[in-house]
Amino acid sequence: MLGFREGLRRGCGARLALVAVLLAGVSGCKTQDDAVAAAKQMTTTAATLAAYYQTLDTVVGGTEDTFDAQAVLQGVPAMAPKTLEEIRAQLKLRRELAAKIADLASALTKMTGSTGAADSSKAATKLNAEMVSLAGKKSNDTETKAVTESVNLLMQLIQQHEEVKAAKQVEPVTAALAAFFQKEEPEYDALNDGYLTAAQSVAKMMVTSHQVGGDAAFVSALSPFGLTPAANEKTQAAMESQLLAKIDAEYKRREDEAHKATGAMYDSLKEMDARVSLVTRDQPMDIRQEPLTLKTVQGWIASTQKEAP
């Protein structure tokens, strides 16, 4: 550690890695400011990733209910509960991993404080090897191994107060996380599409069998008087084509929104990795604000959670 401090004392021109700069507590150095900004970006991005996985879990929960409805109305066999449980269990592992990375990155932004080292060690302890054990498919065994091993190694180095080695391990974590997400990206979109397809099928069948009806126009007209539309087969039949078109339009809107959110999440992870990479190479990080791609993900999360039953 003394040798590391001596190296930093020679000037800000040295190649200062993210964690090393923060742990060293060097003040007045632009690289340190960049490092703190990058760690904050890492915190926000990882926290958004955790929320993304939580929202996917909400979608899968809705899928389970929709499949049950489809089985009743159309005689379509529902997906085995065990299969859905396995999917949700894997989403839970991914959500926990992202949340703990966010905790760890948040602790790294406070390294210059009196409790910084303790906070970092505490955050690292939460990332125990038993929890960080994602189960990927055979197609992404390499990416699964890379992200779990890189996170576990960073955790161990921080717990052991190996600051210099930990500094070199931050970039592999961000790179591995982005690669892992990209590999599973089609599966995340498939979860959303599966829910929407089943929901669309159930909704259309209920419309054509006149089990649902009405429109916002009726609600708007009656709401000032505290009234709600009553079921009327004649009205429902007259509005059938309009309601079916509305279902298709809403399906397309939600599908596009979900796919854009998944793509934006990957772009955010890549941006996080790029900013960390700049700092580890002692290059200026000129852009400090959150990327717009995170706003896209956060917008989808908010709307999906709001509309969840």
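For this chain, numbers begin at 1 and follow the sequence in order.
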Could you check if a side-chain atom of F180 sits within less than 4.5 angstrom of a side-chain atom of L269, using non-hydrogen atoms only?
-> no

Would you please name every residue forming a salt bridge (Lys or Arg N to Asp or Glu O under 4.0 Å) with E240, sequence neighbours left out?
-> none

Sub-4.5 Å side-chain heavy-atom contact between P291 and R275 | yes

Within a strict 4.5 Å, meaning less than it, do heavy atoms of the K100 and V151 side chains meet?
-> no

Are side-chain heavy atoms of M42 and L104 found at a separation under 4.5 Å?
-> no

So how far is it from R95 CZ to Q90 CD, rounded to the nearest 0.5 Å?
-> 12.0 Å

Check step by step if side chain to side chain contact (heavy atoms under 4.5 Å, CB included) holds for N192 and L56.
-> CA-CA 7 Å; N192 278 297; L56 271 186; 3.5 Å; yes

With no hydrogens and no angle check, do the side chains of T55 and Q305 hold a donor and an acceptor under 3.5 Å apart?
-> yes

Without hydrogens or angle criteria, can the side chains of D273 and T174 be said to hold a donor-acceptor pair below 3.5 Å?
-> yes

Could you grab the distance from atom CD of E185 to atom CE of M265, nearest 0.5 Å is fine?
-> 10.5 Å

For the atom pair CD (E257) and CD (E250), what is the distance rounded to the nearest 0.5 Å?
-> 8.5 Å

Measure from the side-chain N and O atoms of T197 to the backbone N and O of G194, and report whether any donor-acceptor pair falls under 3.5 Å.
-> no

After noting the C-alpha distance and the side-chain angles of Q41 and Q289, does the key distance pass the side chain to side chain contact (heavy atoms under 4.5 Å, CB included) rule?
-> CA-CA 8 Å; Q41 178 67 60; Q289 67 268 30; over 6 Å; no

Under 3.5 Å, is there a donor-acceptor pair linking the side chains of T43 and S106?
-> no

Go through the steps for D248 and K252 under the test salt bridge (charged side-chain N to carboxylate O under 4.0 Å, His left out), then give the verdict.
-> CA-CA 6 Å; D248 287 340; K252 185 66 170 61; over 6 Å; no

Are L292 and V297 linked, directly or through other ILVMFWY residues, by side chains that come within less than 4.5 angstrom of each other?
-> no

Counting only heavy atoms not in K260, do more than 12 fall under 6.0 Å of its NZ?
-> no

Grab the two heavy atoms, one from A37 and one from M285, that are nearest each other, plus how far apart they are.
-> CB-CE, 3.3 Å

Are L191 and T63 close enough that some pair of their side-chain heavy atoms sits under 4.5 Å apart?
-> no

Between A50 and A98 the two heavy atoms that sit nearest each other are N-CB, 3.6 Å

Polar side chain donor-acceptor pair, Y188 to Y53, under 3.5 angstrom = yes

Roughly how far apart are E143 CD and K183 NZ, rounded to 0.5 Å?
-> 5.0 Å

d(I101 CD1, L49 CG) to nearest 0.5 Å is 7.5 Å

Could you check if a side-chain atom of E307 sits within less than 4.5 angstrom of a side-chain atom of R254, using non-hydrogen atoms only?
-> yes

Sequence-distant partners of Y266, ring-ring contact (aromatic ring centres under 6.0 Å, His included), two or more places apart = none

Could you pull out the closest heavy-atom pair between S268 and T45, with the gap in Å?
-> O-CG2, 3.9 Å

Does some side-chain heavy atom of E255 sit less than 4.5 Å from a side-chain heavy atom of Q200?
-> no

Are the side chains of H259 and D193 in touch, meaning some heavy atoms are under 4.5 Å apart?
-> yes

What's the shortest heavy-atom distance between A178 and K270, and which atoms?
-> CB-CD, 3.9 Å

Spacing of CG belonging to L91 relative to CD belonging to E86, to within rounding of 0.5 Å = 12.0 Å

Counting N and O atoms only, with roles assigned by atom type, does the side chain of T304 sit under 3.5 Å from a partner on the main chain of I301, one being a donor and the other an acceptor?
-> no

Heavy-atom pair of closest approach, residues M206 and L73 | CG-CD1, 3.8 Å

Can you sort out the partners of T66 under side chain to side chain contact (heavy atoms under 4.5 Å, CB included), two or more places apart, ordered by chain and number?
-> Y195, A198, A199, V202

Whether T280 side chain and S277 backbone form a donor-acceptor pair below 3.5 Å = yes

S150 to A176 - nearest heavy-atom pair and separation = OG-CB, 3.7 Å

